[in-house]
**Q** 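Would you mind keeping the following structure in view while I ask a few things?
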Amino acid sequence: MNNKIIKNEETFVIKILDRQNSTWQGNILWVDQQNEQYFRSALEMLKLIDGALDMRENLKEGGSDHEK
């Protein structure tokens, strides 16, 4: 059996600037794309990371976000 392990790595730098309403506010830098965005909650931060990873997959497949 030929199992290939594909290692996909992305680097994010997360800065927590404040904590209000029991959640984090700050900014996140996607190092590979030099893209920085601000977030108002931990959930929003996770959605930004998930969106960046989806974008990376689309770019690898040769598609774009508009084709979804």
Side-chain angles (χ1 to χ4, degrees):
M1 182 178 266
N2 188 7
N3 291 333
K4 290 185 180 180
I5 298 174
I6 300 172
K7 192 172 186 181
N8 294 323
E9 293 183 2
E10 296 295 324
T11 303
F12 297 93
V13 176
I14 300 168
K15 292 182 185 176
I16 307 300
L17 302 175
D18 199 7
R19 190 183 68 127
Q20 293 180 358
N21 302 321
S22 300
T23 192
W24 299 331
Q25 293 83 43
N27 61 19
I28 183 167
L29 171 66
W30 184 7
V31 175
D32 301 328
Q33 298 293 321
Q34 289 299 304
N35 184 5
E36 184 174 20
Q37 293 185 329
Y38 290 89
F39 59 89
R40 296 167 294 202
S41 69
L43 179 60
E44 187 176 9
M45 177 192 69
L46 291 172
K47 287 181 179 182
L48 289 170
I49 293 171
D50 187 52
L53 296 176
D54 283 346
M55 183 187 313
R56 181 203 61 199
E57 287 300 316
N58 285 338
L59 291 174
K60 282 186 177 182
E61 293 172 2
S64 68
D65 286 339
H66 301 299
E67 293 178 359
K68 282 188 169 182

**Q** Would you call Trp30 and Leu48 a side-chain contact if the rule is heavy atoms closer than 4.5 Å?
**A**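 SC-SC contact between Trp30 and Leu48 ruled out.
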**Q** Could you tell me if the side chain of Ile28 sits less than 4.5 Å from the side chain of Ile49, heavy atoms only?
**A**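 Counting from C-beta outward, Ile49 and Ile28 do come under 4.5 Å.
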**Q** Can you tell me which residue among Glu36, Lys15, Gln37 is in a side chain to side chain donor-acceptor pair (under 3.5 Å) with Asn27?
**A**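 Only match with Asn27 under side chain to side chain donor-acceptor pair (under 3.5 Å): Glu36.
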**Q** Mind checking the CD-CD spacing from Glu10 to Gln33? Nearest 0.5 Å is all I need.
**A**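 Those atoms lie 7.5 Å apart.
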**Q** For Gln25, is there any backbone N or O sitting under 3.5 Å from a side-chain donor or acceptor partner on Gln20?
**A**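 No; judged by distance alone, with no hydrogens or angles, the pair does not exist.
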**Q** Please indicate whether Asp18 has more than 12 foreign heavy atoms, meaning atoms of other residues, nucleotides or ligands, lying under 6.0 Å from its CG.
**A**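 Yes - once you tally the heavy atoms of other residues, nucleotides and ligands closer than 6.0 Å, there are more than 12.
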**Q** For a side-chain contact (heavy atoms from CB on, under 4.5 Å) check, start with the C-alpha distance between Phe39 and Leu17, then their side-chain angles and the critical distance, and finish with the verdict.
**A** CA-CA 10 Å; Phe39 59 89; Leu17 302 175; over 6 Å; no
**Q** If two hydrophobic side chains count as joined below 4.5 Å and joins carry through other members, does Met55 share a cluster with Met45?
**A**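 Hydrophobic grouping puts Met55 with Met45.
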**Q** Got a second to check how far Phe12's CZ is from Asp32's CG, nearest 0.5 Å?
**A**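 If I round to the nearest 0.5 Å, the distance is 8.0 Å.
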**Q** When hydrophobic residues are tied together by side-chain contacts of less than 4.5 Å, even through go-betweens, does Leu53 share a cluster with Leu46?
**A**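 Yes; tracing contacts between hydrophobic side chains, which count when under 4.5 Å, links both residues.
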